[in-house]
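Scroll down for the structure; my scribbles are underneath it.
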There are 2 protein chains.
Amino acid sequence: MLREEKLYTTSSDYVYDELLHKILMRQMKPGERLAEVNLAVALGVSRTPVREALRRLASQGLLEIIPNVGARLVSPSQKDVEDTFKVRSVLETTAIRFALQNMDDTNLEELEEGIAQEEKAIRRGEFEEYLAVNEDFHRIIAHLSGNEVLESFIKNCIARISIYTAIIDSPIHEILESSLSEHKKILEAIRERDVSKAEKNMEEHMINTSNFLFSYGKKMV
Amino acid sequence: MLREEKLYTTSSDYVYDELLHKILMRQMKPGERLAEVNLAVALGVSRTPVREALRRLASQGLLEIIPNVGARLVSPSQKDVEDTFKVRSVLETTAIRFALQNMDDTNLEELEEGIAQEEKAIRRGEFEEYLAVNEDFHRIIAHLSGNEVLESFIKNCIARISIYTAIIDSPIHEILESSLSEHKKILEAIRERDVSKAEKNMEEHMINTSNFLFSYGKKMV
DNA sequence: TCCTCCCAATTTGGATCCAAGATATATGAG
DNA sequence: CTCATATATCTTGGATCCAAATTGGGAGGA
């Protein structure tokens with residue numbers, strides 16, 4: 001895995017990336033406890049860099065740290081996730097508006113390539129791979145906005161939502177297909193350089209994703 | 001000062017709040033170096049909690065930490081600040097829209113009281129006091145949105161912008177007056193429960209603040 | 001049987017210590 | 001006199017250590 005090959009200047013960064021990756025890959029469940037020594041031993045470092053990484057994640061709203069008790073992954077309520085989607089929606093529509101101004105053919109190809117990989121992962125039933133490429137679509141657009149603050153906020157929203165969706169053990173094929181087709185619709189608007197259509201498609205994608213999530217969540221209960 | 005009386009459960013939180021306060025009060029300049037031992041001695045703690053606080057601030061985009069070199073306050077370019085204002089604008093218009101749905105008479109009084117304090121501080125020429133209450137107007141609205149993610153992002157934008165405005169040593173009375181009158185216009189729209197007017201006034205306030213900042217910045221050069 | 005209190009074990013918060021990297025100074029060659 | 005190299009000093013990264021807080025369990029009493 002590339003992530004492991006990456007050379008880190010500090011152990012703290014290594015631990016941070018490792019934990020964030022686990023979160024994005026849904027390898028941790030909401031409310032899960034993160035004991036410092038466990039992580040330190042598992043990652044082959046001391047408690048110091050582990051603690052620094054935990055504080056960073058906590059300040060981004062991904063962990064909750066209670067003094068003298070410890071850190072656990074947040075356990076977002078349905079309202080928390082809805083709130084996150086509301087914010088994400090305005091941020092992503094803004095991002096796609098900016099991105100359209102900056103985008104050239106190379107960028108467009110990159111997005112198309114990403115969607116092709118999504119499709120391939122779904123067809124092959126490679127869920128791990130799907131998770132790795134799915135949100136890349138959004139991250140690429142966020143990046144193309146050329147606005148670093150916007151990009152970091154969007155990434156944060158995605159991470160927050162990842163924690164919630166980790167409770168869904170076996171993803172419903174229906175959701176994946178639907179998400180893919182919405183990505184295609186957004187891409188189509190981008191190809192046509194139709195700003196308001198792109199914004200509209202993006203907003204609908206956010207609403208649909210949110211709704212799908214909760215209609216599924218209710219079924220589970 | 002109340003902040004000093006506050007009881008902290010951890011030294012790390014204490015250091016964090018202390019540094020954030022200095023940033024919001026424009027007591028630190030962009031690019032300023034933050035040596036760990038200096039801060040530790042100044043605040044009467046060891047390097048450990050200082051380092052944790054520095055990482056937290058860095059993960060929020062307020063500090064830049066270079067491995068083996070150290071931490072310094074970020075030194076945002078004009079584009080960085082413009083980008084921050086763009087994001088802040090969409091976040092704050094969203095916040096005021098949500099806030100209007102939740103707001104009762106008590107909340108309205110709180111906003112009016114805040115604006116009265118702003119006015120008082122300006123009249124008396126108490127700049128320190130002005131800084132303390134000025135952005136409270138925005139923080140209150142962000143809080144009334146009832147959306148914690150939105151609130152945290154808005155606060156982060158305000159902090160980022162505070163760093164930039166710290167280069168303005170003596171604030172121009174003109175800016176303060178103009179900001180105050182815009183707050184009053186926003187409040188007026190809130191009183192009338194006019195959502196689109198409130199959004200419009202808020203957006204204009206953002207644009208004006210941003211423009212004022214840069215027209216002033218150019219004069220300085 | 002259940003509740004309360006107390007003690008042991010575990011875990012975190014924070015201080016200290018050491019090594020490694022970076023910076024600044026000084027030294028020597030051209 | 002200038003530049004390059006070497007060295008000393010300073011600062012950070014990370015490991016370890018100790019104290020304090022929390023948790024879990026067991027003993028004792030109602």
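Chain letters run A, B, ... following the sequence lines, proteins first, then strands; residues in each count from 1. Owing to the predicted nature of the structure, the values given are computational and were not obtained by experimental measurement.
Of the possible polar contacts, none joining the B/Arg47 side chain to the B/Val37 backbone as a donor-acceptor pair under 3.5 Å is found. Between the side chain of B/Thr93 and the backbone N or O of B/Val90 there is at least one donor-acceptor pair closer than 3.5 Å. With hydrogens and angles ignored, the 3.5 Å screen pairs a side-chain donor or acceptor of B/Asp80 with a backbone N or O of B/Ser77. The main-chain N or O of A/Gln60 is found under 3.5 Å from a side-chain atom of A/Asn156 such that the two form a donor-acceptor pair.
Relative ring orientation between B/His183 and B/Phe137 is described as parallel, the plane-to-plane angle staying below 30° on a 0-90° scale split at 30° and 60°.
Each of B/Thr48 and B/Gly70 was matched to the nucleotide of DNA chain D holding its nearest heavy atom; the match closer to the 5' end belongs to B/Gly70.
Taking a 6.0 Å sphere around CD of A/Glu148, one finds it holds 12 or fewer heavy atoms contributed by other residues, nucleotides or ligands.
With values rounded to the nearest 0.5 angstrom, B/Ser11 atom OG is found 9.5 Å from B/Glu52 atom CD.
Counting heavy atoms from C-beta outward, B/Leu24 and B/Leu131 have side chains that stay 4.5 Å or more apart. Between A/Leu62 and A/Leu20, some side-chain heavy-atom pair lies under the 4.5 Å cut-off.
A heavy-atom distance below 4.0 Å to DNA chain C is reached by these residues of residues 38-45 of chain B, ordered by number: B/Val45.
Contact between the side-chain N/O atoms of B/Arg33 and the OP1/OP2 oxygens of D/dT12 is found at a separation under 4.0 Å.
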What protein N or O atoms touch nucleotides 18-25 of chain D N or O atoms at under 3.5 angstrom, if any, and at what distances?
none

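Taking each heavy atom of A/Ala95 and A/Leu150 in turn, the nearest pair found is CA-CD2, 3.6 Å.
First and last contacts of DNA chain C with chain A, using any nucleotide atom under 4.0 Å from a protein heavy atom and ordered 5' to 3', fall at C/dT11 to C/dG14.
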